[in-house]
Protein chains: 2
Amino acid sequence: MAKGTKIPTPTIERLALYSRPLEALLKDSPSLISSEKLAELCGVNPAQVRKDLAYFGEFGVRGVGYDVKELLQQIKKILATDREWKLCIVGMTNLGYALLENENFKRRGYTFVAAFDSRSQNLGKKPSSGLTVQPFSRIKELVGMLGIEIGVITTSPFEAQRAADLLVDAGIGAIMNFSPAQVRVKGSRVVENVDFTVKLENLAYHLGKIP
Amino acid sequence: MAKGTKIPTPTIERLALYSRPLEALLKDSPSLISSEKLAELCGVNPAQVRKDLAYFGEFGVRGVGYDVKELLQQIKKILATDREWKLCIVGMTNLGYALLENENFKRRGYTFVAAFDSRSQNLGKKPSSGLTVQPFSRIKELVGMLGIEIGVITTSPFEAQRAADLLVDAGIGAIMNFSPAQVRVKGSRVVENVDFTVKLENLAYHLGKIP
DNA sequence: GCCTGTGAATCCATTCACAGCT
DNA sequence: AGCTGTGAATGGATTCACAGGC
């Protein structure tokens with residue numbers, strides 16, 4: 001596969017998807033898996049699996065399949081999840097707290113090293129071992145000092161844009177926004193808007209049509 | 001636009017997106033908006049906005065634009081969010097608790113009427129006014145009795161499939177799964193898998209390529 | 001003149017089908 | 001024989017560009 005090809009976003013998201021069952025299969029042996037088997041576990045098409053992987057190299061053996069352990073390693077390398085990432089949370093809402101303590105994040109090497117809130121009554125609290133809630137005014141200083149790479153926004157929708165601006169100004173690399181307000185940033189920074197009321201509304205739409 | 005046309009999922013998700021700024025614009029007057037303006041607020045293409053809306057009718061006036069209030073009403077009707085929906089949470093993790101108390105859900109008419117957990121030490125607690133945590137064994141009974149339409153799974157990945165099976169068996173209409181394990185259900189039930197570690201991994205991928 | 005509604009054109013992603021390797 | 005890697009074919013979704021109505 002030619003280098004420099006633009007990789008489709010759905011492909012990246014599926015790579016993450018593939019890694020879940022692979023992790024579970026690590027203990028099994030023989031640790032080989034076919035594209036058909038993996039596809040079934042993830043609910044996708046086998047050709048899709050092969051094409052996704054082929055963007056990055058030839059990881060399989062024709063007539064045999066993929067080695068589970070090696071494939072997982074390769075995927076982690078591609079996704080850059082073979083190392084620790086430093087995050088901060090902005091907005092100590094219940095959701096912010098839940099993410100801070102989230103086992104699935106920890107397990108994958110996403111570590112929260114700072115927490116911010118704008119409401120003075122929340123400052124100084126310790127929602128997690130070693131973390132003290134800091135005011136927005138310290139975002140710039142701490143993002144730089146601690147080398148924070150990803151900012152997670154869990155404020156109310158009204159504060160989301162301000163939070164994003166502060167993070168960008170602090171030189172953050174990427175933003176994940178959980179508030180139901182689209183945030184816009186200048187430059188080529190990476191932003192994921194994960195508004196899950198949108199997903200709920202998709203469910204409501206489908207349910208509303210049936211009865 | 002012909003009736004019976006299959007509506008693309010992205011269109012539904014964007015309709016939800018459009019409704020956010022429209023709600024904020026409700027108080028303004030004159031309460032008119034052009035596809036271009038709305039598109040800009042949501043970060044999409046103006047033609048996209050018009051095409052999305054055209055699937056469902058002619059809501060605008062040529063040469064003028066869309067009436068904010070009426071457009072919002074129409075969108076809510078399409079998405080079936082002009083009424084209350086009854087939900088339950090399965091898995092009283094931090095995330096489960098955060099969703100239960102989530103203002104954005106409440107504001108949009110999504111009401112949690114039951115909460116379940118499998119761990120006996122959590123049973124009987126009252127995470128929210130009027131709600132008592134119930135064992136999995138009561139899912140079937142309560143989903144039927146309370147008329148619960150949407151089940152939200154916030155268990156560990158290891159319990160997610162069992163939770164889904166129990167919900168389906170109880171006759172639930174739709175499932176939203178927050179655990180990082182794909183759940184599969186038989187039949188035509190609607191399932192949304194909202195694994196946000198997948199989104200994080202997308203950010204990591206992009207960040208990993210830059211420096 | 002202005003902005004919607006929409007066929008046509010383009011772009012992107014998925015699936016098929018088979019050549020190629022073990 | 002079996003399963004990967006991939007060009008070709010298909011299927012969707014987005015964008016363009018303009019006709020149509022205020």
Side-chain angles (χ1 to χ4, degrees), chain A residues 1-18 22 25 30-72 74-75 78 182 198 202 205, chain B residues 1-18 22 25 30-72 74-75 78 182 198 202 205:
Chain A
M1 167 64 44
K3 268 215 165 183
T5 319
K6 169 79 170 63
I7 315 290
T9 304
T11 289
I12 301 299
E13 301 198 352
R14 277 192 302 268
L15 287 182
L17 211 63
Y18 302 156
L22 288 178
L25 260 63
S31 54
L32 279 172
I33 192 165
S34 66
S35 60
E36 187 171 342
K37 194 84 185 297
L38 181 54
E40 200 210 306
L41 288 170
C42 300
V44 303
N45 180 294
Q48 184 83 81
V49 172
R50 298 199 294 278
K51 183 142 284 194
D52 285 341
L53 296 174
Y55 278 112
F56 301 95
E58 311 206 352
F59 305 135
V61 181
R62 295 173 195 222
V64 180
Y66 301 88
D67 181 86
V68 171
K69 191 176 169 194
E70 199 209 304
L71 183 57
L72 184 57
Q74 292 286 359
I75 291 180
I78 294 163
Q182 210 75 355
V198 166
N202 186 32
Y205 167 75
Chain B
M1 168 64 46
K3 268 214 165 183
T5 320
K6 168 82 171 64
I7 313 291
T9 304
T11 289
I12 301 298
E13 300 199 352
R14 277 191 303 267
L15 286 182
L17 212 62
Y18 302 158
L22 287 177
L25 261 59
S31 53
L32 279 171
I33 193 165
S34 65
S35 60
E36 187 172 342
K37 193 82 183 297
L38 182 53
E40 200 210 306
L41 288 170
C42 300
V44 304
N45 181 293
Q48 185 84 81
V49 171
R50 298 200 294 277
K51 183 142 282 191
D52 285 340
L53 296 173
Y55 279 113
F56 301 97
E58 310 205 354
F59 304 134
V61 181
R62 294 171 194 224
V64 179
Y66 301 88
D67 180 86
V68 170
K69 192 177 168 193
E70 201 209 302
L71 182 57
L72 184 57
Q74 291 284 0
I75 291 180
I78 294 164
Q182 211 76 354
V198 165
N202 187 31
Y205 166 74

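So you know, we letter chains A, B, ... as the sequences are listed, proteins then strands, and number each from 1.
- As rounded to whole Å, 18 Å separates atom P of D:dT4 from atom CZ of A:Phe56.
- The nearest whole Å value for the distance from the CD1 atom in A:Ile7 to the C1' atom in C:dT14 is 16 Å.
- Across all their heavy atoms, B:Val49 and B:Val44 have their closest contact at CG2-CG2, 3.8 Å.
- Partners of B:Arg50 by salt bridge (charged side-chain N to carboxylate O under 4.0 Å, His left out), not counting sequence neighbours: none found.
- Among the nucleotides C:dT15, D:dT15, C:dT14, the one closest to the side chain of A:Arg14 is C:dT14.
- For B:Asp52 and D:dT15, the CG to C1' distance is 12 Å, given to the nearest whole Å.
- Considering CD1 of B:Ile7 and CG of B:Leu15, their distance stands at 9.0 Å, rounded to 0.5 Å.
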### Query
Run the side-chain contact (heavy atoms from CB on, under 4.5 Å) check on B:Glu36 and B:Glu40 step by step: do they pass?
CA-CA 6 Å; B:Glu36 187 172 342; B:Glu40 200 210 306; 5.9 Å; no
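- The interatomic distance linking B:Lys6 (NZ) with D:dG12 (P) rounds to 9 Å, in whole Å.
- When the shell of 6.0 Å around CD of A:Glu13 is examined, it contains more than 12 heavy atoms from other residues, nucleotides or ligands.
- Counting only heavy atoms from C-beta outward, the side chains of B:Tyr55 and B:Ile78 never approach each other to under 4.5 Å.
- Using a 4.5 Å heavy-atom cutoff, the side chains of B:Leu32 and B:Val61 are not in contact.
- For the helix from C:dG1-D:dC22 to C:dT22-D:dA1, the end axes, each set by the C1' atoms of five terminal pairs, are bent relative to each other by 0° (nearest 10°).
- For the pair A:Glu58 CD and C:dA19 C1', the interatomic distance rounds to 13 Å; values are reported in whole Å.
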Tabulate atom names and distances for all N/O pairs under 3.5 angstrom spanning the protein and nucleotides 1-3 of chain D.
{"residue": "D:dG2", "atom": "N2", "partner": "A:Gly63", "partner atom": "N", "Å": "3.4"}
{"residue": "D:dC3", "atom": "O4'", "partner": "A:Gly63", "partner atom": "N", "Å": "3.2"}
{"residue": "D:dC3", "atom": "O2", "partner": "A:Gly63", "partner atom": "N", "Å": "2.9"}

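- For C:dT6, its base never sits under 3.5 Å from the side chain of B:Lys51 at any donor and acceptor pair.
- Closest to the side chain of A:Pro8, out of D:dC16, D:dG5, C:dA13, is C:dA13.
- Atom OH of A:Tyr55 and atom P of D:dT4 are 18 Å apart (whole Å).
- A:Asn45 has a side-chain polar atom (N or O) that falls below the 4.0 Å cut-off from OP1 or OP2 of C:dC16.
- Atom CZ in B:Phe59 sits roughly 11 Å away from atom P in C:dT6 (whole-Å rounding).
- One interatomic measurement links the two molecules: CD of B:Gln48 to P of C:dC12, which rounds to 14 Å at whole-angstrom precision.
- A 4.5 Å side-chain heavy-atom check between A:Leu72 and A:Leu25 finds every atom pair outside the cut-off.
- Scanning both residues, B:Leu41 and B:Ile33, for their nearest heavy atoms gives CD1-CD1, 4.2 Å.
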